[in-house]
Amino acid sequence: MVDKKKVCVIGAGVSGLAAAHAFRQRGHEVHIVERGNDLGGVWEPSRSYPEVQTQSPKDLYRYTSMPMPDDYPEWPKGTQVHAYLRTYAERTGLVPLIRYATKVVSMQRREGAKGWSVELASDGNAVSEDFDFVAVCTGNFSEKRELVHPGQDDFTAAGGQVLHSSEYTDSATVKGKRVVVLGFSKSATDIAVNAVNSGAADVNIVYLEPVWRIPYFIGGLINFKRILYVRAQEVMFPNWDQPLLARLAHTVAKPFVWANWRALESLLSIQLKLKKTGLRPRKPIETTINCSVPIVTPGFFDMVADGRIKAIQGTISGYEQGTVILSGGERVAADMAILAVGWKSGVPFLPQEYQRKLVEPDGQYRLYRVIANPDLPDMGFVGFNSSFCTVLSAELAGNWLVRYADGMLGRQPSRQEMNDNIDMMLYWKRNERPAAGVYGGLCVAPYHFKHFDELLADIGARKRRRNALAENFAPPNADAYAGYLASAPDYRAA
(Lines give C-alpha, C1' and ligand atoms only; values in the text may rest on other atoms or scores of the structure.)
Protein backbone atom coordinates (compact mmCIF):
# COMPACT_ATOMS: atom_id res chain seq x y z
CA MET A 1 0.00 0.00 0.00
CA VAL A 2 1.21 3.53 -0.81
CA ASP A 3 0.93 6.11 1.96
CA LYS A 4 -0.71 9.42 1.16
CA LYS A 5 1.86 12.23 1.13
CA LYS A 6 1.65 15.95 1.73
CA VAL A 7 3.43 17.33 -1.33
CA CYS A 8 4.83 20.81 -1.93
CA VAL A 9 4.98 21.77 -5.60
CA ILE A 10 7.19 24.84 -6.10
CA GLY A 11 6.05 26.84 -9.11
CA ALA A 12 2.75 27.16 -10.97
CA GLY A 13 4.09 27.24 -14.51
CA VAL A 14 3.86 24.54 -17.15
CA SER A 15 5.87 22.02 -15.13
CA GLY A 16 4.34 22.86 -11.75
CA LEU A 17 0.83 22.25 -13.08
CA ALA A 18 1.96 18.97 -14.65
CA ALA A 19 3.56 17.76 -11.42
CA ALA A 20 0.65 18.84 -9.24
CA HIS A 21 -1.83 17.01 -11.45
CA ALA A 22 0.30 13.85 -11.50
CA PHE A 23 0.57 13.73 -7.70
CA ARG A 24 -3.09 14.60 -7.22
CA GLN A 25 -4.16 11.85 -9.61
CA ARG A 26 -2.38 9.35 -7.35
CA GLY A 27 -4.28 10.55 -4.28
CA HIS A 28 -1.71 12.79 -2.63
CA GLU A 29 -2.40 16.06 -0.82
CA VAL A 30 -0.93 18.77 -3.05
CA HIS A 31 0.06 22.34 -2.17
CA ILE A 32 1.34 24.63 -4.95
CA VAL A 33 3.41 27.66 -3.96
CA GLU A 34 3.91 30.38 -6.56
CA ARG A 35 5.92 33.52 -5.87
CA GLY A 36 4.11 35.49 -8.58
CA ASN A 37 0.56 36.79 -8.57
CA ASP A 38 -0.65 34.51 -11.33
CA LEU A 39 0.01 31.07 -12.75
CA GLY A 40 1.85 30.44 -16.00
CA GLY A 41 5.54 30.92 -15.20
CA VAL A 42 7.23 32.41 -18.27
CA TRP A 43 3.79 32.87 -19.83
CA GLU A 44 2.51 35.02 -16.99
CA PRO A 45 1.59 38.34 -18.70
CA SER A 46 3.72 40.56 -16.46
CA ARG A 47 6.82 38.58 -17.54
CA SER A 48 6.08 38.42 -21.28
CA TYR A 49 7.44 40.75 -23.92
CA PRO A 50 5.07 41.97 -26.65
CA GLU A 51 4.12 39.50 -29.39
CA VAL A 52 5.88 36.58 -27.72
CA GLN A 53 4.78 33.24 -29.12
CA THR A 54 5.75 29.60 -28.78
CA GLN A 55 8.68 28.13 -30.64
CA SER A 56 6.85 24.80 -30.80
CA PRO A 57 3.66 24.17 -32.77
CA LYS A 58 0.53 23.97 -30.64
CA ASP A 59 0.14 20.21 -31.11
CA LEU A 60 3.57 19.80 -29.47
CA TYR A 61 2.98 22.36 -26.73
CA ARG A 62 0.05 20.79 -24.88
CA TYR A 63 -0.89 18.40 -22.10
CA THR A 64 -1.92 14.91 -23.11
CA SER A 65 -5.42 15.35 -21.68
CA MET A 66 -6.23 18.68 -23.32
CA PRO A 67 -5.40 19.97 -26.80
CA MET A 68 -5.12 23.66 -27.47
CA PRO A 69 -8.25 25.26 -28.96
CA ASP A 70 -8.85 24.72 -32.67
CA ASP A 71 -8.96 28.46 -33.30
CA TYR A 72 -5.44 28.99 -31.95
CA PRO A 73 -2.79 29.55 -34.63
CA GLU A 74 -0.15 26.88 -35.07
CA TRP A 75 2.28 28.95 -32.99
CA PRO A 76 0.13 30.52 -30.27
CA LYS A 77 0.80 33.92 -28.76
CA GLY A 78 1.78 34.28 -25.12
CA THR A 79 -1.68 35.46 -24.05
CA GLN A 80 -3.20 32.38 -25.65
CA VAL A 81 -0.76 30.02 -23.93
CA HIS A 82 -1.53 31.68 -20.60
CA ALA A 83 -5.28 31.26 -21.18
CA TYR A 84 -4.71 27.60 -22.08
CA LEU A 85 -2.74 26.99 -18.88
CA ARG A 86 -5.43 28.65 -16.77
CA THR A 87 -8.12 26.51 -18.39
CA TYR A 88 -6.04 23.39 -17.74
CA ALA A 89 -5.57 24.34 -14.08
CA GLU A 90 -9.31 24.94 -13.73
CA ARG A 91 -10.32 21.67 -15.39
CA THR A 92 -7.91 19.61 -13.29
CA GLY A 93 -8.95 21.26 -10.03
CA LEU A 94 -5.57 22.84 -9.36
CA VAL A 95 -6.55 26.50 -9.01
CA PRO A 96 -7.71 26.24 -5.36
CA LEU A 97 -4.40 24.58 -4.46
CA ILE A 98 -2.22 27.53 -5.54
CA ARG A 99 -0.82 29.95 -2.96
CA TYR A 100 0.12 33.08 -4.87
CA ALA A 101 2.73 35.66 -3.80
CA THR A 102 4.40 32.96 -1.71
CA LYS A 103 8.16 32.57 -1.91
CA VAL A 104 10.24 29.62 -0.78
CA VAL A 105 12.95 31.15 1.40
CA SER A 106 14.75 28.02 2.55
CA MET A 107 14.23 24.36 3.37
CA GLN A 108 15.75 21.83 5.72
CA ARG A 109 15.48 18.08 6.19
CA ARG A 110 12.96 17.26 8.91
CA GLU A 111 14.50 16.00 12.14
CA GLY A 112 13.60 12.42 12.94
CA ALA A 113 11.24 12.11 9.96
CA LYS A 114 11.20 11.92 6.19
CA GLY A 115 10.50 14.99 4.14
CA TRP A 116 11.36 18.66 4.41
CA SER A 117 10.55 21.70 6.50
CA VAL A 118 9.97 24.53 4.03
CA GLU A 119 10.14 28.19 5.03
CA LEU A 120 7.52 30.17 3.12
CA ALA A 121 7.25 33.96 2.99
CA SER A 122 4.01 35.76 2.13
CA ASP A 123 2.76 39.28 2.93
CA GLY A 124 5.91 39.96 4.91
CA ASN A 125 5.38 36.95 7.14
CA ALA A 126 7.48 33.78 7.16
CA VAL A 127 6.25 30.41 8.36
CA SER A 128 7.76 26.92 8.34
CA GLU A 129 5.63 24.07 7.03
CA ASP A 130 6.39 20.35 6.88
CA PHE A 131 5.99 18.29 3.72
CA ASP A 132 6.60 14.63 2.98
CA PHE A 133 7.83 15.35 -0.54
CA VAL A 134 8.91 18.41 -2.54
CA ALA A 135 8.64 18.77 -6.31
CA VAL A 136 10.84 21.62 -7.57
CA CYS A 137 9.25 23.01 -10.73
CA THR A 138 11.08 26.31 -11.14
CA GLY A 139 12.76 25.29 -14.40
CA ASN A 140 15.47 27.20 -16.23
CA PHE A 141 13.77 30.59 -16.39
CA SER A 142 13.07 31.65 -12.82
CA GLU A 143 15.97 33.96 -11.86
CA LYS A 144 16.91 36.82 -14.15
CA ARG A 145 20.55 37.10 -15.15
CA GLU A 146 21.55 40.61 -14.14
CA LEU A 147 24.31 42.58 -15.90
CA VAL A 148 25.65 45.91 -14.71
CA HIS A 149 28.27 47.80 -16.73
CA PRO A 150 30.42 50.85 -15.92
CA GLY A 151 28.61 54.14 -16.40
CA GLN A 152 25.14 52.61 -16.13
CA ASP A 153 24.07 54.96 -13.33
CA ASP A 154 25.04 58.01 -15.41
CA PHE A 155 23.18 56.58 -18.41
CA THR A 156 19.96 56.09 -16.44
CA ALA A 157 20.32 59.37 -14.53
CA ALA A 158 20.26 61.17 -17.88
CA GLY A 159 16.98 59.45 -18.78
CA GLY A 160 18.26 56.26 -20.36
CA GLN A 161 16.69 52.92 -19.54
CA VAL A 162 18.29 49.50 -18.98
CA LEU A 163 15.84 46.60 -18.94
CA HIS A 164 16.02 42.83 -18.74
CA SER A 165 14.09 41.33 -21.66
CA SER A 166 11.38 40.09 -19.26
CA GLU A 167 10.79 43.72 -18.20
CA TYR A 168 10.01 44.82 -21.76
CA THR A 169 6.24 44.38 -21.61
CA ASP A 170 4.96 47.49 -23.41
CA SER A 171 6.00 48.14 -27.00
CA ALA A 172 4.86 51.76 -26.74
CA THR A 173 7.95 52.48 -24.63
CA VAL A 174 10.28 52.18 -27.64
CA LYS A 175 8.44 54.53 -29.99
CA GLY A 176 10.86 57.19 -31.19
CA LYS A 177 13.66 55.73 -29.06
CA ARG A 178 17.15 54.58 -30.03
CA VAL A 179 17.26 50.97 -28.88
CA VAL A 180 20.16 48.59 -28.32
CA VAL A 181 19.30 44.92 -27.78
CA LEU A 182 22.01 42.75 -26.23
CA GLY A 183 21.84 39.04 -27.04
CA PHE A 184 21.05 36.74 -29.93
CA SER A 185 18.42 34.40 -28.50
CA LYS A 186 14.92 34.29 -29.91
CA SER A 187 13.78 36.78 -27.28
CA ALA A 188 16.51 39.17 -28.47
CA THR A 189 15.54 38.97 -32.13
CA ASP A 190 11.82 39.07 -31.27
CA ILE A 191 12.33 42.27 -29.31
CA ALA A 192 14.49 43.84 -32.04
CA VAL A 193 11.81 43.16 -34.66
CA ASN A 194 9.06 44.36 -32.33
CA ALA A 195 10.99 47.57 -31.68
CA VAL A 196 11.24 48.28 -35.43
CA ASN A 197 7.55 47.56 -35.91
CA SER A 198 6.66 49.72 -32.89
CA GLY A 199 8.33 52.82 -34.27
CA ALA A 200 11.76 52.85 -32.64
CA ALA A 201 13.99 55.51 -34.17
CA ASP A 202 17.00 53.21 -34.38
CA VAL A 203 17.54 49.53 -33.51
CA ASN A 204 20.87 47.77 -32.98
CA ILE A 205 21.35 44.17 -31.90
CA VAL A 206 24.67 43.24 -30.29
CA TYR A 207 25.69 39.58 -30.35
CA LEU A 208 28.72 37.49 -29.41
CA GLU A 209 28.56 35.10 -32.33
CA PRO A 210 25.96 34.05 -34.91
CA VAL A 211 24.02 30.86 -34.25
CA TRP A 212 22.07 28.55 -36.50
CA ARG A 213 18.36 29.27 -36.50
CA ILE A 214 15.51 27.21 -37.81
CA PRO A 215 12.63 28.88 -39.69
CA TYR A 216 9.07 27.81 -39.03
CA PHE A 217 9.02 26.49 -42.58
CA ILE A 218 12.31 25.21 -43.98
CA GLY A 219 12.65 26.13 -47.62
CA GLY A 220 9.39 27.98 -47.17
CA LEU A 221 7.51 24.68 -47.49
CA ILE A 222 8.38 22.09 -44.83
CA ASN A 223 7.20 22.63 -41.28
CA PHE A 224 10.35 22.27 -39.17
CA LYS A 225 8.59 19.82 -36.83
CA ARG A 226 8.73 17.32 -39.70
CA ILE A 227 12.52 17.51 -39.66
CA LEU A 228 13.77 18.21 -36.12
CA TYR A 229 11.02 16.45 -34.14
CA VAL A 230 11.10 12.98 -35.73
CA ARG A 231 12.89 9.75 -34.87
CA ALA A 232 14.44 9.51 -38.33
CA GLN A 233 16.39 12.72 -37.68
CA GLU A 234 17.10 11.89 -34.04
CA VAL A 235 18.95 8.70 -34.96
CA MET A 236 21.45 10.79 -36.93
CA PHE A 237 22.84 12.00 -33.59
CA PRO A 238 25.02 9.46 -31.76
CA ASN A 239 23.41 9.12 -28.36
CA TRP A 240 24.34 7.80 -24.95
CA ASP A 241 24.71 4.17 -23.98
CA GLN A 242 24.55 2.94 -27.57
CA PRO A 243 24.97 -0.78 -28.30
CA LEU A 244 27.76 -1.89 -30.61
CA LEU A 245 25.46 -2.45 -33.60
CA ALA A 246 24.12 1.12 -33.39
CA ARG A 247 27.66 2.52 -33.20
CA LEU A 248 28.64 0.54 -36.28
CA ALA A 249 25.57 1.80 -38.14
CA HIS A 250 26.56 5.40 -37.33
CA THR A 251 30.07 4.79 -38.64
CA VAL A 252 28.76 3.38 -41.93
CA ALA A 253 26.20 6.16 -42.37
CA LYS A 254 28.54 9.00 -41.39
CA PRO A 255 29.13 10.32 -44.97
CA PHE A 256 25.39 10.40 -45.68
CA VAL A 257 24.63 12.10 -42.38
CA TRP A 258 27.37 14.67 -43.09
CA ALA A 259 25.84 15.39 -46.50
CA ASN A 260 22.38 15.79 -44.93
CA TRP A 261 23.59 18.50 -42.56
CA ARG A 262 25.60 20.34 -45.22
CA ALA A 263 22.52 20.42 -47.44
CA LEU A 264 20.44 21.86 -44.60
CA GLU A 265 23.09 24.51 -43.92
CA SER A 266 23.13 25.53 -47.59
CA LEU A 267 19.35 25.77 -47.68
CA LEU A 268 19.24 27.89 -44.52
CA SER A 269 22.02 30.16 -45.79
CA ILE A 270 20.02 30.95 -48.91
CA GLN A 271 16.62 31.21 -47.24
CA LEU A 272 17.82 33.44 -44.38
CA LYS A 273 20.33 35.55 -46.34
CA LEU A 274 23.09 34.50 -43.95
CA LYS A 275 26.00 35.42 -46.22
CA LYS A 276 24.50 38.79 -47.16
CA THR A 277 23.95 39.73 -43.53
CA GLY A 278 27.25 38.27 -42.35
CA LEU A 279 25.37 36.10 -39.86
CA ARG A 280 26.34 32.64 -41.10
CA PRO A 281 27.59 30.59 -38.13
CA ARG A 282 30.99 28.97 -38.27
CA LYS A 283 30.17 25.84 -36.28
CA PRO A 284 28.51 22.86 -38.02
CA ILE A 285 24.79 22.84 -37.33
CA GLU A 286 24.70 19.26 -36.05
CA THR A 287 27.16 20.05 -33.25
CA THR A 288 25.05 22.92 -31.91
CA ILE A 289 21.48 21.62 -31.96
CA ASN A 290 20.09 21.69 -28.43
CA CYS A 291 17.48 23.57 -26.40
CA SER A 292 19.16 26.91 -27.09
CA VAL A 293 18.75 26.70 -30.89
CA PRO A 294 16.26 29.47 -31.63
CA ILE A 295 13.46 29.58 -34.15
CA VAL A 296 13.75 32.42 -36.67
CA THR A 297 11.83 35.56 -35.77
CA PRO A 298 9.80 36.38 -38.92
CA GLY A 299 11.26 39.44 -40.62
CA PHE A 300 14.49 39.55 -38.61
CA PHE A 301 16.97 38.68 -41.37
CA ASP A 302 15.13 40.88 -43.87
CA MET A 303 15.42 43.80 -41.46
CA VAL A 304 19.14 43.18 -40.98
CA ALA A 305 19.61 42.87 -44.74
CA ASP A 306 17.90 46.21 -45.47
CA GLY A 307 19.43 48.05 -42.49
CA ARG A 308 16.37 48.52 -40.32
CA ILE A 309 18.24 46.47 -37.71
CA LYS A 310 21.99 46.88 -37.41
CA ALA A 311 23.75 43.75 -36.16
CA ILE A 312 27.07 44.35 -34.39
CA GLN A 313 29.32 41.57 -33.13
CA GLY A 314 30.60 42.08 -29.61
CA THR A 315 29.05 42.93 -26.26
CA ILE A 316 28.38 45.94 -24.06
CA SER A 317 31.41 47.19 -22.15
CA GLY A 318 29.97 50.36 -20.63
CA TYR A 319 27.68 53.38 -20.86
CA GLU A 320 27.92 57.12 -21.14
CA GLN A 321 25.14 59.67 -21.23
CA GLY A 322 23.04 58.79 -24.27
CA THR A 323 25.57 56.21 -25.45
CA VAL A 324 26.24 52.48 -25.22
CA ILE A 325 29.92 51.55 -25.55
CA LEU A 326 30.68 48.18 -27.13
CA SER A 327 33.62 45.84 -26.63
CA GLY A 328 34.97 46.57 -30.10
CA GLY A 329 35.16 50.29 -29.35
CA GLU A 330 31.94 51.20 -31.17
CA ARG A 331 29.85 53.93 -29.57
CA VAL A 332 26.13 53.58 -30.26
CA ALA A 333 23.69 56.39 -29.53
CA ALA A 334 20.95 54.93 -27.36
CA ASP A 335 18.01 55.83 -25.17
CA MET A 336 17.26 52.26 -24.10
CA ALA A 337 19.27 49.06 -23.66
CA ILE A 338 17.30 45.83 -23.49
CA LEU A 339 19.38 42.96 -22.13
CA ALA A 340 18.17 39.62 -23.51
CA VAL A 341 20.82 37.75 -21.53
CA GLY A 342 18.69 34.93 -20.20
CA TRP A 343 18.23 33.41 -16.82
CA LYS A 344 20.21 31.77 -14.05
CA SER A 345 19.52 28.16 -13.22
CA GLY A 346 19.74 26.99 -9.67
CA VAL A 347 17.83 26.12 -6.52
CA PRO A 348 18.81 28.95 -4.15
CA PHE A 349 16.52 27.83 -1.33
CA LEU A 350 18.22 24.44 -1.07
CA PRO A 351 20.83 24.12 1.73
CA GLN A 352 24.43 24.38 0.51
CA GLU A 353 25.23 20.82 1.52
CA TYR A 354 22.53 19.60 -0.85
CA GLN A 355 23.34 22.10 -3.59
CA ARG A 356 26.83 20.59 -3.72
CA LYS A 357 25.29 17.16 -4.18
CA LEU A 358 22.98 18.45 -6.90
CA VAL A 359 25.36 20.57 -9.02
CA GLU A 360 28.90 19.63 -10.08
CA PRO A 361 31.72 22.24 -9.91
CA ASP A 362 31.39 22.83 -13.67
CA GLY A 363 27.66 23.56 -13.36
CA GLN A 364 26.37 20.20 -14.58
CA TYR A 365 23.41 18.79 -12.66
CA ARG A 366 23.47 15.33 -11.09
CA LEU A 367 19.96 14.21 -11.98
CA TYR A 368 18.88 10.70 -12.90
CA ARG A 369 16.59 10.94 -15.95
CA VAL A 370 16.96 14.72 -15.40
CA ILE A 371 14.44 14.34 -12.56
CA ALA A 372 15.87 12.90 -9.32
CA ASN A 373 19.09 12.87 -7.32
CA PRO A 374 19.71 9.83 -5.08
CA ASP A 375 21.36 12.04 -2.44
CA LEU A 376 18.35 14.38 -2.17
CA PRO A 377 15.66 12.17 -0.62
CA ASP A 378 11.96 13.01 -0.83
CA MET A 379 12.58 15.51 -3.61
CA GLY A 380 12.42 15.65 -7.40
CA PHE A 381 12.61 18.13 -10.28
CA VAL A 382 9.93 18.52 -12.95
CA GLY A 383 10.47 20.61 -16.06
CA PHE A 384 14.25 20.56 -15.72
CA ASN A 385 14.26 18.11 -18.67
CA SER A 386 14.03 21.02 -21.10
CA SER A 387 13.16 20.16 -24.70
CA PHE A 388 11.50 21.30 -27.91
CA CYS A 389 8.16 19.97 -26.56
CA THR A 390 8.31 21.31 -23.03
CA VAL A 391 4.79 20.48 -21.88
CA LEU A 392 5.01 16.79 -22.79
CA SER A 393 8.49 16.57 -21.24
CA ALA A 394 7.16 18.03 -17.98
CA GLU A 395 4.09 15.81 -17.94
CA LEU A 396 6.11 12.63 -18.44
CA ALA A 397 8.56 13.78 -15.76
CA GLY A 398 5.70 14.45 -13.35
CA ASN A 399 4.24 11.00 -13.89
CA TRP A 400 7.68 9.42 -13.48
CA LEU A 401 8.36 11.39 -10.30
CA VAL A 402 5.18 10.46 -8.44
CA ARG A 403 5.84 6.77 -9.08
CA TYR A 404 9.47 7.19 -8.05
CA ALA A 405 8.33 8.90 -4.83
CA ASP A 406 5.85 6.08 -4.15
CA GLY A 407 8.27 3.28 -5.03
CA MET A 408 5.92 2.31 -7.85
CA LEU A 409 8.10 2.61 -10.94
CA GLY A 410 8.17 -0.51 -13.06
CA ARG A 411 11.96 -0.15 -12.96
CA GLN A 412 12.60 1.39 -9.53
CA PRO A 413 16.33 2.24 -9.57
CA SER A 414 18.69 1.65 -6.67
CA ARG A 415 20.88 4.46 -5.39
CA GLN A 416 23.92 2.83 -7.03
CA GLU A 417 22.13 2.44 -10.37
CA MET A 418 21.17 6.10 -10.31
CA ASN A 419 24.68 7.30 -9.54
CA ASP A 420 26.22 5.02 -12.18
CA ASN A 421 23.78 6.33 -14.79
CA ILE A 422 24.39 9.95 -13.78
CA ASP A 423 28.16 9.46 -14.10
CA MET A 424 27.74 7.84 -17.52
CA MET A 425 25.56 10.72 -18.73
CA LEU A 426 27.95 13.35 -17.40
CA TYR A 427 30.87 11.70 -19.19
CA TRP A 428 28.86 11.60 -22.42
CA LYS A 429 27.85 15.25 -22.19
CA ARG A 430 31.36 16.44 -21.40
CA ASN A 431 33.28 14.32 -23.88
CA GLU A 432 31.02 13.05 -26.64
CA ARG A 433 28.25 15.62 -26.97
CA PRO A 434 29.34 18.97 -25.47
CA ALA A 435 26.23 20.66 -26.88
CA ALA A 436 24.22 18.58 -24.42
CA GLY A 437 25.82 20.51 -21.57
CA VAL A 438 23.70 23.61 -22.21
CA TYR A 439 21.63 24.79 -19.22
CA GLY A 440 23.78 22.69 -16.91
CA GLY A 441 22.99 19.56 -18.91
CA LEU A 442 19.25 20.15 -18.41
CA CYS A 443 18.30 19.62 -22.03
CA VAL A 444 17.07 16.47 -23.75
CA ALA A 445 16.86 17.91 -27.26
CA PRO A 446 17.34 16.55 -29.86
CA TYR A 447 16.90 13.19 -28.09
CA HIS A 448 13.19 13.52 -27.27
CA PHE A 449 12.15 10.03 -28.26
CA LYS A 450 15.00 8.27 -26.49
CA HIS A 451 14.36 10.24 -23.30
CA PHE A 452 10.62 9.62 -23.47
CA ASP A 453 11.19 5.92 -24.18
CA GLU A 454 13.32 5.64 -21.05
CA LEU A 455 10.72 7.36 -18.88
CA LEU A 456 7.87 5.20 -20.20
CA ALA A 457 9.88 2.01 -19.72
CA ASP A 458 10.68 3.06 -16.15
CA ILE A 459 7.03 3.88 -15.47
CA GLY A 460 6.01 0.44 -16.68
CA ALA A 461 3.92 1.50 -19.66
CA ARG A 462 2.81 -1.58 -21.58
CA LYS A 463 2.33 0.49 -24.73
CA ARG A 464 5.23 2.62 -25.94
CA ARG A 465 4.84 2.68 -29.73
CA ARG A 466 1.79 2.69 -31.99
CA ASN A 467 3.24 2.39 -35.46
CA ALA A 468 7.03 2.16 -35.48
CA LEU A 469 7.36 3.06 -39.18
CA ALA A 470 5.00 6.04 -39.03
CA GLU A 471 6.61 7.35 -35.85
CA ASN A 472 9.97 7.54 -37.61
CA PHE A 473 8.61 10.43 -39.66
CA ALA A 474 6.14 12.09 -37.29
CA PRO A 475 6.69 14.32 -34.25
CA PRO A 476 5.60 13.20 -30.76
CA ASN A 477 1.83 12.77 -30.55
CA ALA A 478 0.32 13.93 -27.26
CA ASP A 479 -2.79 11.79 -27.67
CA ALA A 480 -0.63 8.71 -28.22
CA TYR A 481 1.37 9.50 -25.09
CA ALA A 482 -1.88 9.76 -23.13
CA GLY A 483 -2.48 6.16 -24.11
CA TYR A 484 1.05 5.11 -23.20
CA LEU A 485 0.70 6.63 -19.72
CA ALA A 486 -2.71 5.03 -19.26
CA SER A 487 -1.21 1.61 -20.04
CA ALA A 488 0.96 1.71 -16.89
CA PRO A 489 -0.30 -0.05 -13.73
CA ASP A 490 -2.89 2.02 -11.88
CA TYR A 491 -2.84 2.75 -8.15
CA ARG A 492 -3.85 5.36 -5.56
CA ALA A 493 -2.31 6.37 -2.27
CA ALA A 494 -4.40 5.81 0.82
Side-chain angles (χ1 to χ4, degrees), residues 35-37 41-52 78 103 138-211 279 292 294 297 300 303-304 307-346 348 439:
R35 70 179 181 181
N37 296 311
V42 295
W43 301 108
E44 200 270 309
S46 68
R47 292 181 58 185
S48 301
Y49 57 83
E51 300 300 312
V52 63
K103 182 180 179 180
T138 52
N140 294 308
F141 304 102
S142 58
E143 299 289 338
K144 290 184 291 190
R145 188 178 298 280
E146 304 281 0
L147 290 183
V148 178
H149 297 95
Q152 186 166 317
D153 289 342
D154 292 338
F155 179 77
T156 56
Q161 290 179 275
V162 179
L163 306 175
H164 185 272
S165 56
S166 64
E167 298 168 329
Y168 175 61
T169 58
D170 182 3
S171 57
T173 60
V174 300
K175 187 173 183 179
K177 300 284 184 65
R178 300 166 299 177
V179 178
V180 173
V181 180
L182 176 65
F184 212 52
S185 62
K186 186 173 186 295
S187 61
T189 57
D190 281 354
I191 289 169
V193 168
N194 179 264
V196 171
N197 291 334
S198 300
D202 188 50
V203 178
N204 292 269
I205 189 165
V206 180
Y207 66 97
L208 285 175
E209 60 179 300
V211 298
L279 294 175
S292 64
T297 301
F300 173 73
M303 290 182 179
V304 174
R308 283 177 288 171
I309 295 174
K310 290 178 277 296
I312 307 172
Q313 190 164 11
T315 188
I316 293 176
S317 63
Y319 298 91
E320 289 180 355
Q321 183 175 329
T323 303
V324 172
I325 304 170
L326 303 184
S327 55
E330 301 93 334
R331 305 169 69 84
V332 181
D335 305 299
M336 180 183 291
I338 302 175
L339 311 183
V341 292
W343 305 79
K344 296 183 293 185
S345 62
Y439 302 151

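Separation of atoms CD (Gln152) and OH (Tyr319) is listed at 4.5 Å; rounding is to 0.5 Å. Here the CD-OG1 distance, from Glu330 to Thr323, works out to 13.0 Å after rounding to the nearest 0.5 Å.
Under the side-chain contact (heavy atoms from CB on, under 4.5 Å) criterion, Leu208 pairs with Thr315, not counting sequence neighbours. Remark: Tyr207 pairs with Phe184 by the ring pair (Phe, Tyr, Trp, His ring centres under 6.0 Å) rule, at least two apart or across chains. With sequence neighbours excluded, the residues that form a side-chain contact (heavy atoms from CB on, under 4.5 Å) with Asn197 are Val193, Met303. Residues that satisfy the salt bridge (charged side-chain N to carboxylate O under 4.0 Å, His left out) test with Lys186, not counting sequence neighbours, are Asp190. Ser46 meets the side-chain hydrogen bond (donor to acceptor under 3.5 Å, both in side chains) test with Glu44; sequence neighbours excluded. Annotation: side-chain contact (heavy atoms from CB on, under 4.5 Å) contacts of Asp170 (sequence neighbours excluded): Ala172, Thr173. With sequence neighbours left out, the salt bridge (charged side-chain N to carboxylate O under 4.0 Å, His left out) criterion links Arg331 to Glu320. Not a single ring pair (Phe, Tyr, Trp, His ring centres under 6.0 Å) links Tyr168 to another residue, sequence neighbours left out. With sequence neighbours excluded, the residues that form a salt bridge (charged side-chain N to carboxylate O under 4.0 Å, His left out) with Lys310 are Asp202. In terms of the salt bridge (charged side-chain N to carboxylate O under 4.0 Å, His left out) criterion, residue partners of Glu51 (sequence neighbours excluded) are, by chain and number, Lys77. Annotation: side-chain contact (heavy atoms from CB on, under 4.5 Å) contacts of Pro45 (sequence neighbours excluded): Asp38, His82. The side-chain hydrogen bond (donor to acceptor under 3.5 Å, both in side chains) check on Glu167 picks up Lys144, with sequence neighbours excluded.
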Residues Val332, Val206; criterion side-chain contact (heavy atoms from CB on, under 4.5 Å); working and verdict = CA-CA 10 Å; Val332 181; Val206 180; 5.9 Å; no
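Here the side chains of Ile205 and Phe300 are in contact, with some heavy-atom distance below 4.5 Å. In this structure, Asn194 and Tyr49 have side chains that are not in contact, with every pair of non-hydrogen atoms separated by 4.5 Å or more. Between Ser165 and Ile191 the shortest side-chain heavy-atom distance falls below 4.5 Å. At a threshold of 4.5 Å between non-hydrogen side-chain atoms, the residues Ile316 and Leu339 count as touching.
Here the shortest heavy-atom pairing between Gln321 and Ala158 reads CG-CB, 3.3 Å. Smallest separation of non-hydrogen atoms from Ser317 and Pro150: O-CD, 3.4 Å. Annotation for Lys177 and Gln161: closest pair NZ-OE1, 3.7 Å, computed over non-hydrogen atoms. Shortest non-hydrogen contact noted between Val42 and Ser48 is O-OG, 3.3 Å. Across every non-hydrogen atom of Val174 and Ala195, the tightest pair is CG2-CA, 3.9 Å. In terms of heavy atoms, Pro210 sits closest to Gln313 at CD-NE2, 4.2 Å.
Ring geometry for His164 versus Trp343: interplanar angle over 60°, hence perpendicular rather than tilted (30 to 60°).
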